Amino acid sequence: MREQLRKFVLERDWQQFHSPKNLAMALTAEVGELVEHFQWLTDEESRSLSEADLQRVREELADVQIYVMLLADSLSADLLSEIERKIEKNRAHYPIESSRGTHKRPPRT
């Protein structure tokens, strides 16, 4: 997927615009577009979108993921490794016995 995105960007000569700052800003805009689909919905409504709305949300998710991947690539970040490290860090920070069934965050250490 990373190679497909690189090729897509190169074919359009867009790499000149893809600084980490610009990609982070574009990512923020795409997340905003995603959030708009849920704004003012109840929790239940957000869980039962129409098929048309669900498809639009999926397209926004794809846009978000594309910008995450482009940003990671621009920073030479191996996302899978970073995700694995973050899961381990979260596992230590949120032990099951004190985190299960609660939304409260443990104190920062």
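Source: prediction; values computed, not measured. Along the sequence shown, residues carry numbers from 1.
- Hydrophobic clustering of Ile, Leu, Val, Met, Phe, Trp and Tyr side chains at less than 4.5 Å, counting indirect connections, unites F8 with L79.
- Of all the heavy atoms in A77 and R2, the pair that sits closest is O-NH1, 4.4 Å.
- Atom-to-atom distance recorded for H93:NE2 and S99:OG is 8.0 Å, nearest 0.5 angstrom.
- The closest side-chain heavy-atom distance from Y67 to V31 is not below 4.5 Å.
- Side chain of E45 to backbone of T42: a donor-acceptor contact under 3.5 angstrom is found.
- Between the side chains of Q15 and D13, at least one donor N or O sits under 3.5 Å from an acceptor N or O.
- A chain of hydrophobic side-chain contacts below 4.5 Å, direct or via other Ile, Leu, Val, Met, Phe, Trp or Tyr residues, connects M1 to V9.
- Both tests do not hold together for R91 against Y94: distance to the six-membered ring centre under 6.0 Å, angle to the ring axis within 45°.
- Here the closest heavy-atom approach between residue L23 and residue H18 is recorded as CD1-O, 3.5 Å.
- When each of V35, V64, L61 is paired with E30, the side-chain contact (heavy atoms from CB on, under 4.5 Å) condition holds for V64 and for no other.
- Here the straight-line distance linking atom CG of D63 with atom CG of L27 works out to 10.5 Å at 0.5 Å rounding.
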I would like to know whether E84 and K89 meet salt bridge (charged side-chain N to carboxylate O under 4.0 Å, His left out); could you show each step before the answer? CA-CA 9 Å; E84 287 175 353; K89 186 175 181 178; over 6 Å; no

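- The environment of R6 atom CZ is dense: over 12 non-hydrogen atoms of other residues, nucleotides or ligands sit within 6.0 angstrom.
- The distance from atom CZ of R58 to atom CG of L49, rounded to the nearest 0.5 Å, is 9.5 Å.
- Once rounded to the nearest 0.5 Å, the distance linking CD of E59 with CG of L54 reads 10.5 Å.
- Judged by distance alone, with hydrogens and angles left aside, the side-chain atoms of N22 form a donor-acceptor pair with the main-chain N or O of F17 at under 3.5 Å.
- Taking hydrophobic clusters as Ile, Leu, Val, Met, Phe, Trp and Tyr residues chained together by side-chain heavy-atom distances below 4.5 Å, I66 shares a cluster with L75.
- No more than 12 heavy atoms of other residues, nucleotides or ligands sit less than 6.0 Å from atom CZ of R100.
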Could you walk me through whether E88 and R85 pass the salt bridge (charged side-chain N to carboxylate O under 4.0 Å, His left out) test, one step at a time? CA-CA 5 Å; E88 288 306 313; R85 273 196 285 279; over 6 Å; no

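- Hydrophobic clustering of Ile, Leu, Val, Met, Phe, Trp and Tyr side chains at less than 4.5 Å, counting indirect connections, keeps M25 apart from L71.
- To the nearest 0.5 Å, the span separating CG on L10 from CD on E3 amounts to 9.5 Å.
- With T102 contributing its side chain and S98 its backbone, the two residues share no donor-acceptor pair below 3.5 Å.
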Run E11 and K7 through salt bridge (charged side-chain N to carboxylate O under 4.0 Å, His left out) and show every step you take. CA-CA 6 Å; E11 289 172 340; K7 182 180 180 196; 3.7 Å; yes

